[in-house]
Amino acid sequence: MRIQFIGLGNMGLPMAGNLRKAGHQVTGLDTAPRARDAFIAQGGHIAASLAEGAGGAEAVITMLPAGEHVRAVYLGEHGLLRTAAPGTLLIDSSTIDIATAREVAAAAAKAGHEMLDAPVSGGTTGAEAATLTFMVGGSETGFARARPILAAMGRNIVHAGPSGAGQAAKMCNNMILGISMLGVCEAFVLADRIGLDRQKLFDIASNSSGSCWSLLKNCPVPGPVPNVPATREYQPGFAAALMLKDLKLSQLAAETAGAATPLGAHATRVYEALAAAGLADKDFSVAFRYLDALLRDKAPS
Ligand code: NAD
């Protein structure tokens, strides 16, 4: 298929590369010269404008930082809804708020396009290995059209429900992740203080009811699990700034819908404090280092 891919950053670049490997004809677009150069270095072709790229494309995928970028690319004066040929399948894989996802999809439908929200989980390693999970919001027919395209970039492709349901699933998942990571970090901080060996805690908890992804796959202390960000000075991985963004989206949704999420609210405050302390660019498991430093003066020597 002829596909336009907009947003060739940490996630978009390897995703677009996997579409090319699967035999699709991919035209890339990004406002950052560095991202464009990286795509060209892969052998990719860059469009001169949204109009050039979208004009001949059967599908367009966007992988942009936040809701405002998605609005600009779809709804702007020279945006996709004006430049894409009628009937083009539009897939937004950025993580954004539900209201923007629904508003842009409704505007796309009015302009004669099928649009899906299809945020992902799996991080940059999943993007590179084509093992992402896609959570898709939109119609059954749109999902059926998108599935073979998404299969070139991911392993689990789930239809979460109507428009916005993909973003809803993504923010619920990442609220669990933010809370569970803080729980695991707190357990290691406590273990250190009360004299329990980290490896022993890992061996026991990973086979007990405390087991979870944050412990098994992204263990926040160096040692028990090889190659996790904690073993390389918390280089992401999944940046704490992105976790904070997702937690804020969950709290916006909780406030709008009237859902009580006190732990989600608390996790948001912890990640805000951690970002203010200069750790936003580190992997989100850096919460261990942040919590470890708190109350240190009161810890027994
Ligand atoms: P990124 O900042 O690395 O990439 C975004 C790209 O979009 C940049 O290259 C930027 O130049 C480009 N861009 C911005 N505005 C543009 C415009 N108007 N037109 C064209 N290009 C534009 O971000 P990322 O890490 O690739 O994340 C992208 C999305 O995926 C975010 O919503 C993020 O929350 C989500 N996500 C990221 C991860 C991760 O581990 N990095 C995991 C899951 C989901």
Side-chain angles (χ1 to χ4, degrees), residues 4-18 27-40 42 44 46-54 60-81 83 90-98 100-101 104 117-136 150 153-154 156 166-167 169-175 177-178 181 213 217-218 228-229 234-250 271 280-285:
Q4 183 180 31
F5 203 109
I6 304 173
L8 301 163
N10 292 327
M11 296 291 289
L13 183 70
M15 289 166 73
N18 284 326
T27 303
L29 197 70
D30 198 296
T31 44
R34 201 166 53 119
R36 295 198 295 267
D37 290 347
F39 189 59
I40 291 167
Q42 273 188 0
I46 291 284
S49 65
L50 275 177
E52 187 207 305
V60 179
I61 301 173
T62 46
M63 193 55 171
L64 298 161
E68 75 233 45
H69 308 94
V70 172
R71 272 176 192 281
V73 166
Y74 284 88
L75 307 179
E77 200 185 333
H78 304 290
L80 278 174
L81 298 194
T83 52
L90 306 174
I91 304 172
D92 180 39
S93 283
S94 328
T95 302
I96 64 168
D97 62 286
I98 298 172
T100 300
V104 177
D117 49 296
V120 303
S121 153
T124 49
T125 46
E128 275 149 27
T131 55
L132 292 169
T133 291
F134 283 90
M135 308 157 221
V136 185
L150 301 182
M153 301 178 285
N156 301 311
Q167 298 295 351
K170 171 73 182 169
M171 71 182 58
C172 288
N173 179 77
N174 278 25
M175 189 173 77
L177 180 63
M181 177 54 82
W213 188 93
K217 304 284 189 198
N218 212 58
V228 292
Y234 298 98
Q235 285 314 301
F238 182 52
L242 288 180
M243 174 49 82
L244 177 57
K245 181 190 100 167
D246 293 356
L247 284 168
K248 282 183 174 169
L249 289 178
S250 78
Y271 275 99
D281 293 339
K282 300 280 188 189
D283 184 76
F284 78 119
S285 59

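Counting starts at 1 for both ligands and their atoms, in listed order. Below, each value reflects all heavy atoms present in this structure, side chains not excepted, and no hydrogens, waters or symmetry copies.
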Determine, step by step, whether Met63 and Ile6 satisfy the side chain to side chain contact (heavy atoms under 4.5 Å, CB included) criterion, reporting the C-alpha distance in whole Å, the side-chain angles of both residues, the deciding distance to 0.1 Å, and the verdict. CA-CA 6 Å; Met63 193 55 171; Ile6 304 173; over 6 Å; no

[X] side, atom [atom1]; [Y] side, atom [atom2] - distance, nearest 0.5 Å:
X: Asp117; Y: Thr100; atom1: CG; atom2: OG1; result: 11.0 Å
X: Asn18; Y: Phe5; atom1: CG; atom2: CZ; result: 9.5 Å
X: Ser285; Y: Met243; atom1: OG; atom2: CE; result: 10.5 Å

Mark up the atoms of ligand 1 that fall under 4.0 Å of a heavy atom belonging to [X], in ascending order.
X: Ile6; answer: 20 (C)
X: Ala32; answer: 11 (O)
X: Val73; answer: 17 (C), 18 (N), 19 (N)
X: Phe238; answer: 39 (C), 40 (O)
X: Gly9; answer: 3 (O), 4 (O), 6 (C), 9 (O), 26 (O)
X: Ser94; answer: 32 (O)

For residues [X] and [Y], determine if any side-chain heavy atom of one lies less than 4.5 Å from a side-chain heavy atom of the other.
X: Asn218; Y: Pro229; answer: yes
X: Val228; Y: Asp283; answer: no
X: Thr95; Y: Asp246; answer: yes

Shortest non-hydrogen separation from Tyr74 to Ile91 and the atoms involved: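 Between these two residues, the closest heavy atoms are OH-O, 3.7 Å.
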
Give yes if a backbone or side-chain nitrogen or oxygen of Asp30 is under 3.5 Å from a nitrogen or oxygen of ligand 1, and no if not.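 Between Asp30 and ligand 1 (N or O atoms, distance only) the closest approach is under 3.5 Å.
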
To the nearest 0.1 Å, how far is [atom] from its closest protein heavy atom, and which atom is that?
atom: atom 36 (N) of ligand 1; result: Thr95 OG1, 4.1 Å
atom: atom 14 (C) of ligand 1; result: Pro65 CD, 3.7 Å
atom: atom 25 (O) of ligand 1; result: Asn10 CB, 3.6 Å
atom: atom 28 (C) of ligand 1; result: Leu64 O, 3.7 Å
atom: atom 30 (O) of ligand 1; result: Met63 CE, 3.1 Å
atom: atom 37 (C) of ligand 1; result: Met11 CG, 3.6 Å
atom: atom 15 (N) of ligand 1; result: His69 CD2, 3.7 Å
atom: atom 33 (C) of ligand 1; result: Lys245 NZ, 3.8 Å

May I ask you to decide if Ser94's main-chain N or O and Gln167's side chain share a donor-acceptor pair within less than 3.5 Å?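 A pair under 3.5 Å: yes.
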
Has Lys245 got a side-chain atom pairing as donor or acceptor with Ala66's backbone, closer than 3.5 angstrom?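 The answer is no, because no donor-acceptor pair under 3.5 Å joins these two groups.
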
Mark the output for Lys170 as yes if a heavy-atom distance to ligand 1 is under 4.0 Å, and as no if none is.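 Yes, that is the case, since the closest heavy atom of the residue is under 4.0 Å from the ligand.
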
Can a non-hydrogen atom of Ala72 be found less than 4.0 Å from any atom of ligand 1?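 Outside the 4.0 Å threshold, so no.
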
Measure up the Phe284 and Phe238 rings against each other and bin them: parallel (under 30°), tilted (30 to 60°), perpendicular (over 60°).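 It falls in the perpendicular class, over 60°.
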
